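Just below is one structure, and these are the notes that go with it.
None of these values were measured; they are calculated from a predicted model. The sequence lines fix the lettering, A, B, ..., with proteins before strands; numbering per chain opens at 1.
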Amino acid sequence: MSESKDFLRKIVEEDLKSGKYKEITTRFPPEPNGFPHIGHAKSIVINFGIARDYHGHCNLRMDDTNPTKEDTKYVEALKDAVEWLGFDFDNNVYFTSDYFPKLYDYAIELIKMGKAYVDSLTEEEIREYRGTVTQAGKRGKYAERSVEENLDLFQRMKKGEFKDGEHVLRAKIDMSAANMKMRDPLLYRIRHAHHFRAGDEWSIYPMYDFAHCLSDYIEGVSHSICTLEFENNRDIYDWVLDTLGLKTARPYQHEFARLGINHTVMSKRKLLELVQGGQVSGWDDPRLPTIAGYKRKGYTAESILNFCDQIGIAKANSMVDVAQLEFSIRDDLNTKVPRVMCVLDPLKVTIENYEGHEEIDASYYPDDVPKEGSRKLPFSREIYIERDDFMENPPKGYFRLTPEQPVRLKHAYIISCKEIIKDASGNITEIKAKYHPDSKSGSDTSGIKVKSAIHWVSANEAKTVEVRLYDRLFSTEAPEGVEDINPDSLRIIKNALVEPAVITERPDVRFQFERQGYFYADPIDYTDEKPVFNKIVGLKDSWGKKTKTTKSAPRAQAKKVQIDGEVAAMSDHEQTLFDKYTGEFGLNSEVADTLARDEHLSKFYEESLSVLNSPVGLANIVTNEVARELKQMQASELKFDAKQIAGLVKMIDDTTISSKIAKQVFEEMAKTGEDPSQIVEAKGLVQISDPAKILPIIDEIIAKNPDNVAKFKAGNTKLLGFFVGQVLKSTGGKANPKVVNGLVHEKLK
RNA sequence: UGGGGAUUCGCCAAGUGGUAAGGCCCUGGCUUUUGGUGCCAGUAUUCAUAGGUUCGAAUCCUAUAUCCCCAUCCA
């Protein structure tokens, strides 16, 4: 595994290395209110995968805090999904509802600390009082209740003395917080509802923001991984744990981008609509992106796992091309599954010069699949081929059977077309053909060259099967609703003809129907009398692609012009500073602008300038390096001062150090607050400018990299950076880059 | 609009100051009794845009643009 790690694994590794945690614990925390989909699979793979990689644990936990939405049937579906994907939850499912008593105690604690209160505003009032994104909210009068009153009320809420909605428990944080989520979030609501596990014991239920962080803490979770939309909730997560003083190895939340796939929908709401609206046959409809759907369609767990590995984990919202998923399943099945022949749209072929009957021994696997196994393939005078494997007037590049062009019947003989039989309306109903007796597969001495081999079945022995051809559920890339549904997402072929071994031998449940795609014996509707096969995915079809009307003409890639917004005007004071900096000090306008507009920066700059008269050098360091530190902390928190920066710039000015070393020194200063001259001395960072010392190193580098020298001389001038970098590296950054640059240039000319 | 995220090829995605990884898609070629597979080759002078710092910038600084999330007693 030399591949780069995703950002979550990097965090985990750092936390392990720093000793923040001795052991890694993650959790997969779905709410049991819907069937899991492939987005859940991504989360499962992340959480269980990280636990496995770092020898930790992952808890499967049902986040069942809302009794009105959840159901035990979803719990089963969730367990199934995790198991099917090959992860182990030790047969131990955790439930947030098991923590209700503990959660209640924590709430009491918060009330006693004066950090939570019972609010009795109506729902509308609460909404109103919350304010908007631009306007601060305000507290209602109930926020002033005493601890005793709050305690009393909350206990009575629990006892069920109040009606739904009469009171709520709220955290006392900040009604004017810029983060809306922090405006006194609700912790508990009254809900006289039957909980599928807790029964009727509770009449209050905790909210997500209160229950989740504490459940993580209770379970000893170290890394609480969730999706991006919870970023705003992280503040509450931390607030609850911090306020309750829960410190030891407490969990921290990290967010990644949820999975989106084009031509499908992933939200639970939309999925539920499709199921309830009857657009699909149920949660396990093969067109749905649910785990149950993929399973029913014939996807393997491995293919889903591979897919999740391939798409990676990051923080950018993204829409993965469904072609990537299709690749995963093809790639997986290619090496696993027997090849058989099935004719979907039969065209009868009578081989006039063939008498009798034979059975051909045919391997289930092509040469490039290292698996053993074969079946008997009946061959006779009457066969069926695929209707589009014959064309009377073929286009250029058509490889299959035509009046002039013979074709091989896969595993059998070469045939030529003799006669075309049509019905009254001109449709082809049958082909009369002749076969070439010396062309039998494996012992062909006919010398006839054919362009392709087509699949076929023997008319007498073929079995009739139902084939369900699934296509993407939505025709648009980013579907909005039912109006985007692909009318051809399901095509049922009642009378497809398959070779007999598929039914009688049943060598597998998944097959490749040669030249068509991968198919799966439907686990529910398949019977011996009426076999049913689901199309998992088609084979890649470069011929079909060519013949299809060239739909997407190369879209005009007009480079979009970006209209930049206006830059805010400077205040008079800023303008004065700007003029002084550009005029008196000779700074360029960009640097002067940055400095003038930032009070802290300009102050810092002028202070350093009073120590050292090097306006340009100081300005550069202050605008670029000091500014970075100032973004992260207050000016008063800086470990270094203006005088030290002046000292640093002085060393650059008198060429003691290069600007490259200066950055290194600066980083040290920012960390330790040490004097720059001390750092330079302690680390021996004085730069080497003597060509006599540098030249031998350059020679060595050049000798070591003949390939790159050749490339450079061939015109790849980018490589100059490579050579300079190498020299700098081997001198620990001390070589004077300007000198090195000139020298390397000279050497390689 | 206040706050929080994000932006590297058609789609994902590495890269964190020194030669722009990889996969999918696509395009050629070779192999092939699957127009499949496999193999080989091609595909970003450029990292949202504009400036700045530097010998050297996708990476650091400044400004701007665009997209996503937050005003459920959902999670």
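- Counting to the nearest Å, the C1' atom of B:U34 and the CG atom of A:Leu409 are 14 Å from each other.
- The side chain of A:Asp593 lies closest to B:U62, out of B:C73, B:U62, B:G2.
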Return one dot-bracket line describing RNA chain B 5' to 3' (Watson-Crick or G-U wobble pairs, both distances under 3.5 Å; ( ) same strand, [ ] crossing, | another strand, . none). .(((((((.[[[..)..(...]]].(((((.......))))).....[[[[[..)....]]]]])))))).....
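- With hydrogens and angles left out, the side-chain atoms of A:Ser303 and A:Asp332 include no donor and acceptor closer than 3.5 Å.
- Checking the phosphate oxygens (OP1, OP2) of B:C73, a side-chain nitrogen or oxygen of A:Arg130 falls inside 4.0 Å.
- Rounded to whole Å, the separation between the C1' atoms of B:G15 and B:C60 comes to 16 Å.
- Listed pair A:Asn588 / B:U53 meets the phosphate criterion, a side-chain N or O lying under 4.0 Å from OP1 or OP2.
- With hydrogens and angles left out, the side chain of A:Arg408 and the base of B:U33 share a donor-acceptor pair within 3.5 Å.
- In this structure, A:Glu590 atom CD and B:U64 atom P are separated by 11 Å, rounded to whole Å.
- How far CD1 of A:Ile313 is from CG of A:Leu259: 11.5 Å, rounded to the nearest 0.5 Å.
- Put simply, CD on A:Gln632 is 11 Å from P on B:C60, counting in whole angstrom units.
- Contact between the side-chain N/O atoms of A:Ser542 and the OP1/OP2 oxygens of B:G36 is found at a separation under 4.0 Å.
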Starting from the C-alpha separation in whole Å, work towards a yes-or-no answer on salt bridge (charged side-chain N to carboxylate O under 4.0 Å, His left out) for A:Arg515 and A:Asp541. CA-CA 9 Å; A:Arg515 305 206 300 134; A:Asp541 181 8; over 6 Å; no
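- Comparing B:C60, B:U37, B:C74 by their closest approach to the side chain of A:Arg191 singles out B:C74.
- Taking atom C1' on both nucleotides, B:A20 is separated from B:A58 by 8 Å, rounded to a whole Å.
- When the C1' atom of B:U34 is taken as reference, atom CZ of A:Arg400 falls 11 Å away, rounded to whole Å.
- Ring geometry for A:Phe399 versus A:Trp543: interplanar angle under 30°, hence parallel rather than tilted (30 to 60°).
- Within 4.0 Å (heavy atoms only), A:His455 reaches no atom of the nucleic acid at all.
- Between the side chains of A:Ser97 and A:Asp64, at least one donor-acceptor pair of N or O atoms lies under 3.5 Å.
- Not one N or O on the side chain of A:Ser659 forms a donor-acceptor pair closer than 3.5 Å with the backbone of A:Ala662.
- Taking atom OH of residue A:Tyr605 and atom P of nucleotide B:G52, one finds them 18 Å apart after rounding to whole Å.
- Glycosidic conformation at B:U33 (O4'-C1'-N9-C4 for purines, O4'-C1'-N1-C2 for pyrimidines): anti, more than 90° from 0.
- Comparing B:G17 with B:G56, their C1' atoms sit 8 Å apart, to the nearest whole Å.
- If you check every strand for non-hydrogen atoms under 4.0 Å, A:Val168 touches a base.
- Spacing of C1' atoms, B:C55 relative to B:A48, comes out at 28 Å, to the nearest Å.
- On a pure distance criterion of 3.5 Å, a polar donor-acceptor pair joins the side chain of A:Gln512 and the base of B:U34.
- Atom CG in A:Leu228 sits about 6 Å away from atom C1' in B:G5, given to the nearest Å.
- Between A:Arg234 and B:G3 there is no side-chain N or O to OP1 or OP2 distance below 4.0 Å.
- B:G4 atom P lies 23 Å from atom CZ of A:Phe256, rounded to whole Å.
- Ranking B:U1, B:G5, B:C55 by closeness to the A:Lys315 side chain, first place goes to B:G5.
- Side-chain atoms of A:Thr623 stay outside donor-acceptor range of the base of B:U62, with no qualifying N/O pair under 3.5 Å.
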For A:Phe230 and A:Tyr208: C-alpha separation, side-chain torsions, deciding distance, then whether ring-ring contact (aromatic ring centres under 6.0 Å, His included) applies. CA-CA 11 Å; A:Phe230 290 98; A:Tyr208 165 85; 5.0 Å; yes
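- Residue A:Arg189 has a polar side-chain atom (N or O) positioned under 4.0 Å from OP1 or OP2 of B:C74.
- B:G36 sits 14 Å from B:U31 when the P atoms are compared, rounded to a whole Å.
- Between A:Arg127 and B:C73, a side-chain N or O to OP1/OP2 separation shorter than 4.0 Å is present.
- When each of A:Ser439 and A:Asn233 is assigned the nucleotide of RNA chain B with its nearest heavy atom, A:Ser439 is the one assigned upstream, toward the 5' end.
- One N or O on the side chain of A:Asp184 and one on the backbone of A:Ile173 form a donor-acceptor pair closer than 3.5 Å.
- Here the nucleotide nearest the side chain of A:Lys181, chosen from B:C61, B:C70, B:C74, is B:C70.
- In terms of polar N and O atoms assigned as donor or acceptor, the side chain of A:Asn179 never comes within less than 3.5 Å of the base of B:G2 in a complementary pairing.
- Classified by interplanar angle (parallel below 30°, tilted 30° to 60°, perpendicular above 60°), the ring pair A:Phe379/A:Trp456 is perpendicular.
- A residue-by-residue look at A:Asn317 and A:Glu124 shows that A:Asn317 has its nearest nucleotide of RNA chain B further toward the 5' end.
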For nucleotides 14-27 of chain B, just jot down a letter per nucleotide in 5' to 3' order: B, S or -, based on protein non-hydrogen atoms under 4.0 Å. SS-BBBS--BS-S-
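- Ring geometry for A:Phe712 against A:Phe723 counts as perpendicular: the plane angle is over 60°, on a 0 to 90° scale with 30° as the lower cut.
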What do the steps show when you test A:His167 against A:Ser120 for side chain to side chain donor-acceptor pair (under 3.5 Å), and what is the final call? CA-CA 5 Å; A:His167 307 287; A:Ser120 310; 2.7 Å; yes
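- Residue A:Phe230 places its side chain closer to B:A75 than to any other of B:A75, B:G35, B:A71.
- Considering only side-chain atoms of A:Val133, the nucleotide from B:A71, B:U62, B:C73 that sits closest is B:A71.
- Between A:Asn620 and the phosphate of B:U54, there is a side-chain N or O to OP1/OP2 separation shorter than 4.0 Å.
- Between the side-chain ring of A:Trp543 and the base of B:G35, a stacking contact exists by the 5.5 Å and 30° definition.
- Within the 4.0 angstrom heavy-atom criterion, no nucleotide atom of any strand lies near A:Gly544.
- Atom name C1', nucleotides B:A44 and B:G38: the rounded distance is 28 Å, in whole Å.
- Using a 4.0 Å heavy-atom criterion, one finds that A:Pro366 contacts the bases of the nucleic acid, with or without backbone contacts as well.
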Can A:Phe210 and A:Tyr188 be said to form a ring-ring contact (aromatic ring centres under 6.0 Å, His included), step by step? CA-CA 8 Å; A:Phe210 186 64; A:Tyr188 270 89; 5.6 Å; yes
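- On a pure distance criterion of 3.5 Å, no polar donor-acceptor pair joins the side chain of A:Arg515 and the base of B:G35.
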Do A:Phe513 and A:Tyr518 pass the ring-ring contact (aromatic ring centres under 6.0 Å, His included) test, and can you show the C-alpha distance, the side-chain angles, and the key distance before you say yes or no? CA-CA 6 Å; A:Phe513 290 173; A:Tyr518 294 98; 9.8 Å; no
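- On the C1' atoms, B:G3 is 12 Å away from B:A71, given to the nearest whole Å.
- When the P atom is compared between B:A6 and B:A14, the two are found 13 Å apart, to the nearest whole Å.
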